[in-house]
Amino acid sequence: MLKRLVSLWVWVSAALVVLVWVPWLALVYAATVPSDPGRYTVGRWFRRAAVTLTRLNPFWKFRTTGFLVPDPRRPYVAVANHESIADIFLLSHLPWEMKWLSKEAIFKIPLMGWMMRMAGDIAVRRGDVKSRMQALDACRDRLGKRVSVMIMPEGTRSSTGEIQKFHDGAFRLAIETGSPILPIAVAGTRACITKGSWIVGRANAIAHVLPPIDTAGLTLDDVPVLRDRVRELIIEARAGLMRELQSA
């Protein structure tokens, strides 16, 4: 019964936050976009909505650790493992802006999709080669405007808890644009909410940012080695985070 009551509160508070945030974000968009084509400010305000929702949820305790980006306008291609829809809320706690590559269906959610478009996030349609190419072009645009992009190279959340194979796209993008890779290990969000359920679970979760990996001098022939190296680093870091969470 407690879980149901808390879950009801979480969804009601989420609806209220969204209703407040949409007009505010529209005002920020109108005031800043002419001088901020990368939509950095709009994006930061959008991520604050996710942080606010987390603080209103008594069941979730989130924190971030590791490397702190010294210059938020130095663009990175950030990559992270994908455990849950709650990854979005956890990673929004990082104190710099990143434009998310997200499946197109999320952009079709009323109000939420509007805010994502205002923030400059990027939609991709699964299984559509043309959509993937357009999405990567949009990622290049954001990087060129000095804003990092956030890509989950597994493509979809893991159903087993094991980190799946990484796709090449993020690593090709980083090499082509000369952007460093910023690996991020996520642990603990699987307990936040079960896929297909509205019930919110108790969860402690951590996002640990690893040191960036320079791509200068690499060619597209180096994509497989870079991809597998980053995956192994994230697997190792996540294992350490899971041990930390279990001991706590």
Side-chain angles (χ1 to χ4, degrees), residues 1-21 46-66 78-95 98 100-113 115-116 121 126 150-166 183-210 231 234-248:
M1 178 60 72
L2 177 60
K3 274 192 174 184
R4 289 180 177 274
L5 289 173
V6 170
S7 298
L8 181 61
W9 158 250
V10 168
W11 290 110
V12 170
S13 61
L16 293 174
V17 168
V18 168
L19 288 173
V20 169
W21 234 264
F46 180 45
R47 312 309 156 195
R48 288 186 181 104
V51 174
T52 300
L53 288 174
T54 302
R55 289 174 177 168
L56 291 171
N57 184 341
F59 278 1
W60 291 359
K61 294 182 180 179
F62 290 172
R63 60 190 174 96
T64 61
T65 60
V79 295
N81 59 300
H82 193 12
E83 294 200 344
S84 162
I85 192 172
D87 297 341
I88 299 169
F89 296 89
L90 172 59
L91 292 168
S92 291
H93 285 70
L94 292 170
M98 299 181 287
W100 286 72
L101 181 65
S102 303
K103 61 183 181 181
E104 188 182 54
I106 299 178
F107 285 78
K108 295 180 179 179
I109 300 173
L111 302 182
M112 178 62 68
M115 288 194 292
M116 292 177 73
D121 289 338
R126 285 180 183 169
M150 176 73 237
I151 300 175
M152 291 180 167
E154 291 172 276
T156 186
R157 71 186 87 169
S158 171
S159 59
T160 64
E162 298 297 321
I163 295 178
Q164 304 171 95
K165 284 182 63 177
F166 281 6
I184 305 174
V186 170
T189 55
R190 283 178 63 81
C192 289
I193 186 166
T194 304
K195 189 174 182 178
S197 172
W198 69 279
I199 300 297
V200 173
R202 295 180 182 273
N204 290 328
I206 306 172
H208 181 73
V209 184
L210 299 168
R231 181 173 179 270
I234 290 176
I235 288 173
E236 182 181 356
R238 179 179 177 270
L241 296 178
M242 292 302 294
R243 289 192 295 270
E244 180 181 339
L245 290 171
Q246 288 165 3
S247 64

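Counted within 6.0 Å of CH2 on W198, heavy atoms from surrounding residues, nucleotides or ligands total more than 12; the atom is thus considered enclosed. Summarising the local packing, CG of L16 is surrounded by more than 12 heavy atoms from other residues, nucleotides or ligands at distances under 6.0 Å.
For I206 against T65, the heavy-atom pair with the smallest separation is CG2-OG1, 3.9 Å. What you find for S13 and L56 is that their closest heavy atoms are CB-CD1, 4.0 Å. Annotation for K3 and F59: closest pair CG-CE2, 3.8 Å, computed over non-hydrogen atoms. Taking all atoms of both residues into account, the shortest heavy-atom contact from A205 to G188 is CB-C, 3.8 Å. Of all the heavy atoms in F166 and I163, the pair that sits closest is CE1-CG2, 3.7 Å.
Atom CG of D87 sits about 3.5 Å away from atom OG1 of T189, to the nearest 0.5 Å. Interatomic distance, D121 CG to M112 CE, rounded to the nearest 0.5 Å: 10.5 Å. Note that CG of N57 and OG1 of T52 are 12.5 Å apart. Values are rounded to the nearest 0.5 Å. Taking NZ of K61 as the start and CZ of R202 as the end, the distance is 9.0 Å to the nearest 0.5 Å. To the nearest 0.5 Å, atoms CD1 (I234) and CG (L241) are separated by 11.0 Å. Here M242 contributes atom CE and L245 contributes atom CG; the two are 6.0 Å apart, rounded to the nearest 0.5 Å.
Using a 4.5 Å heavy-atom threshold, the side chains of P58 and W9 count as touching. Put simply, the side chain of R47 does not reach to within 4.5 Å of the side chain of L94, judged on heavy atoms. Taking 4.5 Å as the limit, every side-chain heavy atom of V186 sits out of range of all side-chain heavy atoms of H82.
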List the steps, then state whether side chain to side chain contact (heavy atoms under 4.5 Å, CB included) holds for I109 with M116.
CA-CA 10 Å; I109 300 173; M116 292 177 73; over 6 Å; no

Run F62 and V51 through side chain to side chain contact (heavy atoms under 4.5 Å, CB included) and show every step you take.
CA-CA 10 Å; F62 290 172; V51 174; over 6 Å; no

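Tested against M152, the residues I184, L91, I88 include a single side chain to side chain contact (heavy atoms under 4.5 Å, CB included) partner, L91. Between E83 and the options R190, R238, R157, a salt bridge (Lys or Arg N to Asp or Glu O under 4.0 Å) holds for only R238.
Side-chain atoms of E154 come within 3.5 Å of backbone N or O of Q164 as a donor-acceptor pair. For S197 (side chain) and I193 (main-chain N/O), no donor-acceptor pair under 3.5 Å exists by modelled atom type. R231 contributes no side-chain N or O that, together with a main-chain N or O of P153, makes up a donor-acceptor pair within less than 3.5 Å.
For F46, there are no ring pair (Phe, Tyr, Trp, His ring centres under 6.0 Å) partners at least two apart in sequence or on another chain.
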